[in-house]
Structure formats: C-alpha cells, structure tokens
2 protein chains.
Amino acid sequence: MLCPVTFYKALADDTRLKSLLLITEQQELCVCELMTALELSQPKISRHLAQLRKANVLADRRSGQWVFYSLHPALPTWAQQVLKQTLLANELYLAPCRQQLSLISERAVTQSCC
Amino acid sequence: MLCPVTFYKALADDTRLKSLLLITEQQELCVCELMTALELSQPKISRHLAQLRKANVLADRRSGQWVFYSLHPALPTWAQQVLKQTLLANELYLAPCRQQLSLISERAVTQSCC
DNA sequence: TTCGCATATATGATTATCCGCATATTTAAA
DNA sequence: TTTAAATATGCGGATAATCATATATGCGAA
C-alpha cells in the first residue's frame, strides 16, 4: 500500500520526475538511456532510480549488462493516472529529454548501445 | 505557469498534503480549522500555508480576524485533477483529520469559533 | 487606546536531501 | 581468467527543509 505522501516525495525532484515521466511514456528504459536523455552522471541517475525502486514506484529487470526500469506493476491506479495526466499536460517539460533520446536511438541502429 | 516539479514539491510533506486535500474537499478552510484538524501548532500550519501561497497553489482571503485558504483560481486543471484523484483514492488518509474537523463544527454551533 | 484573539514571521538548532568522487558488483566478451 | 562496459553503492560535504520557541502584526471589541 503506497502512502500518498511517499509517492509525492518520489516526484518532488527534477531528476526523478523526468525519469518517471519518460518511463511512463516509453514503458521501459535502461540507466544509460536515462543518462543521455537527462544528460546527467551515472551515479546520480542510479541513485535516484534506487530511491524509486525502494519506494515501489519502479520495478527493475536485468537483461544482460543492462537494467531496465518500468513502472512497478503494483503501482496504484490513481498514481498511474497522476503520472499520465502530468505527462499529457506538460508536453514541453520533457522536450529536451526526448530530443536527446532520439539521438541515441538513431545511433543504436549502427552502433552497439548507449 | 506552474512547473510540475514545483507542484509536487508542494505535495511532498504530510502537513501540506493533508491541508491541501482537506481544502480540496471543503473548498475553504481557515488556519484554526486546519490546526485542530491536523492537531498541529499554529506556526507550523501557518508556515506551510505560506509556502503553498508563495507557490501559487493556494489563495488566501482575509475575513475579519480569520484568514481562509482555498485552491488558487489559477491552479492548472491537471493539478486540480491530481488533487481530486488523490483525495478519492485515499479516503482513509484524511479520516482522523475529518474526525477532528467534525468536532469543531459541532462546537461552533454553540461557541464562537475554533 | 488598550486588550485579546487569529495569524504571520524571525531565529537558531536539528535533520533530511542531494551531490561528486571513488570504488564495488555484475555481466559479456576476449 | 583477464578486461571492459553497465550499474550500484559507500562516504563525506554542502545545501535545503523542517521544527520549536519567541515575537510581531492585524483586527475587533471594550
């Protein structure tokens, strides 16, 4: 059972909120994708993702050397809807991140990964 | 224009979240009502309300010696919906506060105020 | 004007949060 | 088994949030 204030503390940071909204939009992202999308250091991303994991907001799945994060399957419906609404109503907030994300997906066609 | 992360920082504290949800539910509440509803000190309530006021989440209206707080008229629709959804999906979170609130409204019939 | 109630704010101490840096862990490939 | 890539975490140090206490302000009544 997710306490509302715990949930909102998870959203109360720029790095975490952007990560969460990007994951809401893209279903699943790995750490290196978030690193380049947000243009932030690896430990910083990783630490915030760990917080979201501990709060049961995100779930992680390892696939080889990559760890993919997605919304936790047990995340309450109301919390999911809050994320979706925030995403839809704040299109521009994620624009620079999407820009960066699109660059790696192009690169990924030719090169190995992130 | 309200930045999403600013809004969620406003919700990321127990006192503020409960105050906001109570105000969402009751339309308008004064400081002394929130004090007894949350069973917290006057300066503590006042300081958190000031934060919400500065963030343009709440609006204040003075009526004699009382100051009534309500959701800011310019609060974006998405933010209003987030509050409403949180309220509906977390009935029990506010139960003790409502209990305390009902006690003063009974008292208010006979006595002066809060 | 003086008093009392409701509310706001200043101050200093405590605590929580966030960060960079270094290092550990896990996995795949050589 | 050594190496490199991806990810996680330990450890201070800096910054910000929160709190309790004391005090200030604004308003109505006497």
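Chain letters run A, B, ... following the sequence lines, proteins first, then strands; residues in each count from 1. In this text the structure is predicted, and so the values were computed from the model without any measurement.
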*Counting side-chain heavy atoms from CB outward, which of dT7(C), dT27(C), dA8(D) is closest to Val67(A)?*
dA8(D)
*Take atom CD1 of Ile45(A) and atom P of dA8(D), then tell me their distance rounded to the nearest Å.*
11 Å
_Using a 4.0 Å heavy-atom cut-off, does Arg47(A) contact any base of the nucleic acid, only the sugar-phosphate backbone, or nothing at all?_
base
*asked:* Rounded to whole Å, please give me the gap between CG in Leu52(B) and P in dA8(C).
replied: 12 Å
*Output yes when at least one side-chain N/O atom of His48(B) is less than 4.0 Å from OP1 or OP2 of dC19(D), else no.*
yes
*Tell me: NZ of Lys44(B) to P of dA20(D), nearest whole Å?*
5 Å
*Indicate, yes or no, whether a donor-acceptor pair under 3.5 Å links the base of dA6(D) to the side chain of Gln42(A).*
no
*Is any NZ, NE, NH1 or NH2 atom of the basic residue among Lys84(B) and Glu25(B) found under 4.0 Å from an Asp or Glu carboxylate oxygen of the other?*
no
*Output yes when at least one side-chain N/O atom of Gln51(A) is less than 4.0 Å from OP1 or OP2 of dC18(C), else no.*
yes
*For dA6(C), does OP1 or OP2 lie under 4.0 Å from any side-chain N or O of Tyr69(B)?*
no
*asked:* Rounded to whole Å, how long is the line connecting atom CG of Leu34(B) with atom C1' of dA8(C)?
replied: 15 Å
*Looking only at non-hydrogen atoms, find the nearest pair between Glu33(B) and Thr36(B) and report the distance.*
O-OG1, 3.1 Å
_Spacing of Leu40(B) atom CG relative to dC19(D) atom P, expressed in whole Å_ = 8 Å
